[in-house]
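Below is one structure, written out as structure tokens, with a few remarks after it.
Values below: all heavy atoms of this structure, side chains included; hydrogens, waters and symmetry mates excluded.
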Amino acid sequence: MSAPNAGDTAWVLVCAGLVLFMTPGLAAFYGGMVRTRNVLAMLQQNMIALGVVSLTWVLVGYTIAFGDDAGSGLFGNLELFGLTDLKVPPAPNLHVVDGRITIPTLAFVLFQMMFAVITPALVTGATAGRLKFGGWVLFLAVWSIVVYAPIAHWLWHPGGWLAKFGTQDWAGGLVVHASAGAAVLAVLLVVGRRRDWPHTAAPPNSIPLTIVGAGILWFGWFGFNGGDGLQANGLAAQAVLNTHLAAAAAMLVWLALERVTDGHSTVVGAVSGAVAGLATVTPTAGYVNAASAVAIGALAGLVCHFALKLKYLLRLDDALDVLAVHFVGGMLGTLLLGLFGNRGVNPLGADGLFLGGGGGLLWRQLVGVVSVVAFSFVLTWLIAAGVQALIGLRVPPADQERLDQAQQGAGAYHLGGVTSLTAPGAPRRRTAAAPAGEPSVPPGQRVRVVTALLEPDPAANSADLRDALLRAGAISVIVSDAAVATTTPQASLLPRGYWQDQPLSARLRVTVLVGADGVGAVLDELDRMGARRSDTFVQEAERVQP
């Protein structure tokens, strides 16, 4: 037997690291789009998959997926339980590669482990705000063994029944995206909707965090699709190029559709389109040429954008549109392979309908889609219902808006509107604070407290706000965050073209202590800053003895 190839081994190990990096990328991508009080819970639901699924994969998942077929084409035997006896590289034709492949078995185990980790994590985007942490951990462990591992065997083991049937899946259109999408359908039936959905929603807490997560996903996808040939060669380069081109094409089409339908091309739309293109090209990346990858990406941007309406048609509260992007994308790409498949790119593939191969490959792809979706949906529903009955999978409704406090006793952010106000001057080192001056009003003397509400924008500079009020005669100034009820709700833009009418609008509450003779000047200054007299109050007060 040939010795392991150093270049191929290094490439597969690098790709394993890239796919691992996608899990924290997915956490950031989802974490930026949920409510402020649910950020830590979302991050943890994704990151915990690295711990749980890594262990289930080593113990039993790998042997079910890639152990010698048990004879039915449905799953592998248990001879590799716990990876206690691994002495040879993967079988010569394992995972659509030819007899020249020689990498250590453990490199292959590690690479495939990362796919097993990220697949169930995709579900968390759909169930945002509703998962009980303990139930989710149990679900992860069971699902990765009972659902994911057999599907991987069907398609990626040469003895798998779909592999022998001729269904192709380069890097997970079926094994990852379609199986996770079907799981979303099942889990949503168990955990139900958020309170008041679809009549309430929330703006993302950090679009920059979402964009960083999307960038990590795009970067990691080069390993996701580039490593599946298990060799550092021209086919790997073709797969990486196809991955990038499809994402780029889908991004542009999505942005164009946003412009036409919503009037704006948004950065959230840009990364949504890119991820849709990445998911859709995944099953085809090693089987099509560059021009076909562009066409696949463009179709992904078109179809997945209009699939955003799917959750409303199905009455399923898919919070972050996992169905539209991953489920539809994975199935679409799998079927498009039946049209664009090209044996000139990969001799182990098959020509699709557009390359003169007839409809045979398209039929085999359709059988694969139906089989994987049905299997994942039924088994996932049984697992989710069992976990819900045993220890609970859905959080109590009262905790849906405060998962971080309920599950972790902490919050993700500790900033308010006041601390974010701008101030003039260059940054400087801290110096000893000057002693505070004596109050201009002696203790015991009657003063006035003026309270007003300001729009945040006119009062954006904290130094200007303070100086103007002090010049008007203020003794002290306190600024805090507030929200006021509005007679005309303010429309706010949500991700992917959704809008929401917000009946509470953000304001700054300014509380000013001033002598009686300075009240008029302070009121005039507050008027200049946009305060309405109907929202302004003057109260008598007495300065207390220090």
Side-chain angles (χ1 to χ4, degrees), residues 1 53 55-113 115-116 119-120 141-176 178-180 182-183 186 228-230 283 334 337 348-350 360-361 363-383 386:
M1 182 173 292
V53 181
L55 296 183
T56 61
W57 182 251
V58 167
L59 290 174
V60 68
Y62 179 78
T63 189
I64 292 175
F66 295 105
D68 290 339
D69 186 72
S72 60
L74 297 176
F75 48 83
N77 60 33
L78 299 181
E79 291 182 358
L80 302 179
F81 181 85
L83 305 184
T84 56
D85 186 19
L86 295 176
K87 300 177 181 179
V88 298
N93 61 345
L94 189 61
H95 200 70
V96 295
V97 295
D98 60 24
R100 296 171 297 173
I101 183 67
T102 51
I103 63 171
T105 302
L106 290 179
F108 182 74
V109 171
L110 182 66
F111 179 65
Q112 288 294 335
M113 176 193 293
F115 286 77
T119 301
V142 177
W143 194 90
S144 65
I145 296 171
V146 175
V147 179
Y148 179 84
I151 292 176
H153 185 83
W154 294 0
L155 286 149
W156 287 346
H157 190 285
W161 76 272
L162 282 176
K164 291 191 291 186
F165 180 68
T167 303
Q168 297 180 345
D169 184 5
W170 175 256
L174 290 175
V175 177
V176 176
S179 69
D228 284 79
L230 306 181
T334 300
L337 180 57
L348 295 178
L361 179 58
W363 163 247
R364 294 190 291 272
Q365 298 302 100
L366 178 61
V367 171
V369 167
V370 173
S371 301
V372 168
V373 169
F375 178 82
S376 178
F377 175 80
V378 173
L379 269 293
T380 301
W381 186 87
L382 292 174
I383 295 169

Review point. Is the distance between the ring centroids of Trp154 and Phe375 less than 6.0 Å?
Key: yes
Point to revise | For Gln365, the option from Asp169, Leu162, Thr167 that meets side chain to side chain contact (heavy atoms under 4.5 Å, CB included) | key: Thr167
Exercise for review: Write down the atom of Met113, the atom of Val58, and the distance for their closest heavy-atom approach.
Suggested key: CE-CG2, 3.6 Å
Check your understanding: Please walk me through it: do Ile151 and Leu174 pass side chain to side chain contact (heavy atoms under 4.5 Å, CB included)?
Key -> CA-CA 8 Å; Ile151 292 176; Leu174 290 175; 5.6 Å; no
Practice item. Examine the side chains of Trp143 and Thr380 and answer whether a donor and an acceptor come within less than 3.5 Å of each other. Key: yes
**Study point:** Thr119 to Ser179 - nearest heavy-atom pair and separation
**Key:** CG2-OG, 3.8 Å
Practice item. With the side chain counted from C-beta on, respond yes when Leu337 and Trp170 share a heavy-atom pair under 4.5 Å apart, and no when they do not. Key: no
Practice item. Grab the two heavy atoms, one from Ser144 and one from Val53, that are nearest each other, plus how far apart they are. Key: CB-CG1, 3.9 Å
**Study point:** Minimum heavy-atom distance Val373-Ala182, with the two atoms named
**Key:** O-CB, 3.5 Å
**Study point:** CZ/Phe75: more than 12 non-hydrogen atoms of other groups inside 6.0 Å
**Key:** no
Exercise for review: Check for a donor-acceptor pair, side chain of His157 on one end and backbone N or O of Ala152 on the other, with a separation under 3.5 Å.
Suggested key: no
Point to revise | Heavy-atom side-chain proximity of Ser371 to Val367 below 4.5 angstrom | key: yes
Revision key, fill the gap. CD1 of Ile103 to CG of Leu230, rounded to nearest 0.5 Å, is 4.5 Å
Study note, to complete from the structure: Smallest heavy-atom separation, Gln168 atom then Leu348 atom, equals NE2-O, 3.7 Å
Check your understanding: Would you call the rings of Trp57 and Phe66 parallel, tilted or perpendicular, where under 30° means parallel and over 60° means perpendicular?
Key -> perpendicular
**Study point:** Nearest-0.5 Å distance, CH2 of residue Trp161 to CG of residue Leu155
**Key:** 8.5 Å
Practice item. Report yes if some heavy atom in the side chain of Leu74 is under 4.5 Å from a heavy atom in the side chain of Pro150; otherwise report no. Key: no
Check your understanding: Measuring from Ile145:CD1 to Leu59:CG, what's the distance to the nearest 0.5 Å?
Key -> 7.5 Å
Exercise for review: Determine the minimum heavy-atom distance between Gly166 and Arg364, stating which atoms define it.
Suggested key: O-NE, 3.5 Å
Practice item. Using a 4.5 Å cut-off on heavy atoms from C-beta on, say whether the side chain of Tyr62 contacts that of Phe81. Key: no
**Study point:** Flag for His153-Asp69: side-chain donor and acceptor within less than 3.5 Å
**Key:** yes
Exercise for review: Would you check, one step at a time, whether the test side chain to side chain contact (heavy atoms under 4.5 Å, CB included) holds for Leu83 with Thr63?
Suggested key: CA-CA 8 Å; Leu83 305 184; Thr63 189; over 6 Å; no
Practice item. Could you please spell out the steps behind the side chain to side chain contact (heavy atoms under 4.5 Å, CB included) verdict for Val142 and Val147? Key: CA-CA 8 Å; Val142 177; Val147 179; over 6 Å; no
Check your understanding: How about Val175 and Phe115: do any of their side-chain heavy atoms sit closer than 4.5 Å?
Key -> no
